[in-house]
S.K.: 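My questions all concern the structure below.
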Amino acid sequence: QVQLVESGGGLAQAGGSLRLSCAASGRTFRSRAMAWFRQAPGKEREFVAAITWSDGNTYYADSVKGRFTISRDNAKNTVYLQMNSLKPEDTAIYYCATDLKGLILNALIRVESSYSSWGQGTQVTVSS
């Protein structure tokens with residue numbers, strides 16, 4: 001069993017920054033990747049960014065590329081999402097997620113169903 005706990009959400013003005021954290025505990029040694037997804041009111045959950053534990057390869061949605069940076073601290077089993085140049089359309093609940101079997105394929109790293117353990121979510125609100 002893996003537990004994921006997000007933190008760092010809150011209110012920011014457009015153009016501002018926030019940093020999210022996701023701490024993983026439990027059977028994380030089998031996890032190959034961690035990802036951030038988000039869900040805005042009335043919309044489906046969408047992929048934001050992902051990173052692999054072993055080599056640190058990163059993946060981004062086009063909508064956040066160049067503004068958001070995902071990173072990890074293997075010693076702390078923690079993944080971060082640095083969000084800069086925030087826009088009102090970034091307003092959403094942000095969830096971190098991980099796979100549990102270490103088998104996730106690069107081609108499917110942006111796919112929600114590839115992840116089987118999810119955090120409770122943290123609200124990010126960006127005002128204009």
Side-chain angles (χ1 to χ4, degrees):
Q1 195 75 357
V2 174
Q3 292 78 43
L4 302 177
V5 179
E6 302 105 332
S7 61
L11 177 65
Q13 290 188 334
S17 299
L18 285 173
R19 188 194 194 205
L20 305 183
S21 299
C22 176
S25 60
R27 299 185 64 183
T28 57
F29 64 93
R30 288 189 174 182
S31 170
R32 180 171 181 268
M34 293 278 285
W36 288 96
F37 287 77
R38 67 186 182 186
Q39 187 167 23
K43 295 187 177 181
E44 294 187 351
R45 190 155 55 185
E46 64 175 2
F47 171 80
V48 175
I51 189 167
T52 54
W53 285 113
S54 59
D55 50 20
N57 284 344
T58 57
Y59 305 80
Y60 295 97
D62 289 342
S63 59
V64 306
K65 199 173 295 182
R67 300 189 298 121
F68 291 9
T69 302
I70 189 170
S71 60
R72 90 260 193 242
D73 183 331
N74 290 44
K76 296 182 179 180
N77 286 336
T78 299
V79 171
Y80 306 96
L81 185 68
Q82 178 66 44
M83 305 185 294
N84 297 330
S85 302
L86 284 164
K87 303 176 181 179
E89 50 263 44
D90 294 319
T91 295
I93 300 175
Y94 284 70
Y95 300 90
C96 67
T98 189
D99 66 308
L100 293 178
K101 296 184 177 180
L103 299 175
I104 188 170
L105 301 176
N106 289 346
L108 299 177
I109 210 163
R110 294 176 174 85
V111 178
E112 183 177 341
S113 60
S114 297
Y115 300 88
S116 49
S117 184
W118 294 79
Q120 80 287 353
T122 185
Q123 177 70 48
V124 170
T125 302
V126 183
S127 61
S128 57

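Here the structure is a predicted model, which is why all the values come from computation and not from measurement. Keep in mind that the numbers below use all heavy atoms, side chains included, and drop hydrogens, waters and symmetry copies.
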S.K.: Of all heavy-atom pairs between Asn77 and Trp53, which one has the smallest distance, and what is that distance?
M.R.: C-CH2, 3.7 Å
S.K.: Could you check whether any side-chain heavy atom of Gln123 comes within less than 4.5 Å of a side-chain heavy atom of Thr91, counting everything from C-beta outward?
M.R.: yes
S.K.: Say whether Tyr95 and Met34 are linked into one hydrophobic cluster, either directly or through other cluster members, by side-chain heavy-atom distances under 4.5 angstrom.
M.R.: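 No, Tyr95 and Met34 fall in different hydrophobic clusters.
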S.K.: Would you say Met83 and Arg67 make side-chain contact, with heavy atoms under 4.5 Å?
M.R.: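 Answer no - side chains too far apart.
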S.K.: How many angstroms lie between CZ in Arg72 and SG in Cys22, if you round to the nearest 0.5 Å?
M.R.: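 Interatomic distance, Arg72 CZ to Cys22 SG, rounded to 0.5 Å: 14.5 Å.
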S.K.: Do Tyr115 and Phe37 have ring centroids that are under 6.0 Å from one another?
M.R.: yes
S.K.: Rounded to the nearest 0.5 Å, what's the gap from CG on Leu81 to OG1 on Thr69? Could you check?
M.R.: 8.0 Å
S.K.: Could you check whether any side-chain heavy atom of Val64 comes within less than 4.5 Å of a side-chain heavy atom of Arg38, counting everything from C-beta outward?
M.R.: yes
S.K.: Side chains of Glu6 and Leu4: does their closest heavy-atom pair fall under 4.5 Å?
M.R.: no
S.K.: How about Leu86 and Phe68: do any of their side-chain heavy atoms sit closer than 4.5 Å?
M.R.: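 In short, these two side chains touch, coming nearer than 4.5 Å.
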S.K.: Under 6.0 Å from the ring centre and within 45 degrees of the ring axis: does the NZ or CZ of Arg19 meet both conditions for the six-membered ring of Tyr80?
M.R.: yes
S.K.: With no hydrogens and no angle check, is any side-chain donor or acceptor of Ser114 less than 3.5 Å from a backbone partner on Leu108?
M.R.: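 Here the side-chain-to-backbone pair exists.
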S.K.: Measure the CD-CG distance between Gln82 and Leu20 for me, rounded to the nearest 0.5 Å.
M.R.: 9.0 Å
S.K.: Do Trp118 and Glu112 have side chains that approach each other closer than 4.5 Å (heavy atoms only, starting at C-beta)?
M.R.: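 In short, these two side chains touch, coming nearer than 4.5 Å.
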S.K.: I'd like to check Phe47 versus Val111 (side-chain heavy atoms, cut-off strictly below 4.5 Å). Are they in contact?
M.R.: no
S.K.: Strictly below 4.0 Å, N to O, side chains only: are Asp62 and Lys65 in salt-bridge contact?
M.R.: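 Yes, charged N to carboxylate O under 4.0 Å.
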S.K.: Atom OG in Ser25, atom NZ in Lys76: separation rounded to 0.5 Å?
M.R.: 15.0 Å
S.K.: Can you tell me how far the CD atom of Gln13 sits from the OG atom of Ser128, to the nearest 0.5 Å?
M.R.: 9.5 Å
S.K.: Identify the heavy atoms of Ser17 and Ala12 that sit nearest to each other, and give their distance.
M.R.: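 Closest pair (atom of Ser17, atom of Ala12, distance): O-CB, 4.4 Å.
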S.K.: Taking all atoms of both residues into account, what is the closest heavy-atom pair of Ala49 and Tyr60, and its distance?
M.R.: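 Closest heavy-atom pair between Ala49 and Tyr60: CB-CD2, 3.7 Å.
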S.K.: Please report the closest heavy-atom contact between Tyr59 and Asn57, naming both atoms and the distance.
M.R.: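 Heavy atoms only, the tightest pair is CE1-O, 3.8 Å.
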S.K.: Please find the pair of heavy atoms, one from Ile104 and one from Arg32, that lie closest to each other, and give the distance.
M.R.: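 So the minimum-distance heavy-atom pair works out to O-NH1, 2.9 Å.
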S.K.: Hey, is CD on Gln120 packed in by over 12 heavy atoms from elsewhere, all under 6.0 Å?
M.R.: yes
S.K.: Answer yes if Val79 and Val48 sit in the same cluster of Ile, Leu, Val, Met, Phe, Trp and Tyr residues linked by side chain heavy atoms under 4.5 Å apart, and no otherwise.
M.R.: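 Same hydrophobic cluster.
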S.K.: Transitively linked via ILVMFWY side-chain contacts under 4.5 Å: Val2 with Trp36?
M.R.: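 Same cluster: Val2 reaches Trp36 through Ile, Leu, Val, Met, Phe, Trp or Tyr contacts under 4.5 Å.
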S.K.: Which heavy-atom pair separates Leu100 from Ser117 by the least distance, and what is that distance?
M.R.: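 Of all heavy-atom pairs spanning Leu100 and Ser117, the closest is CD2-CB, 4.0 Å.
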S.K.: Between Leu18 and Val126, is there a side-chain heavy-atom distance shorter than 4.5 Å?
M.R.: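 They are not in contact (no side-chain heavy atoms under 4.5 Å apart), so the answer is no.
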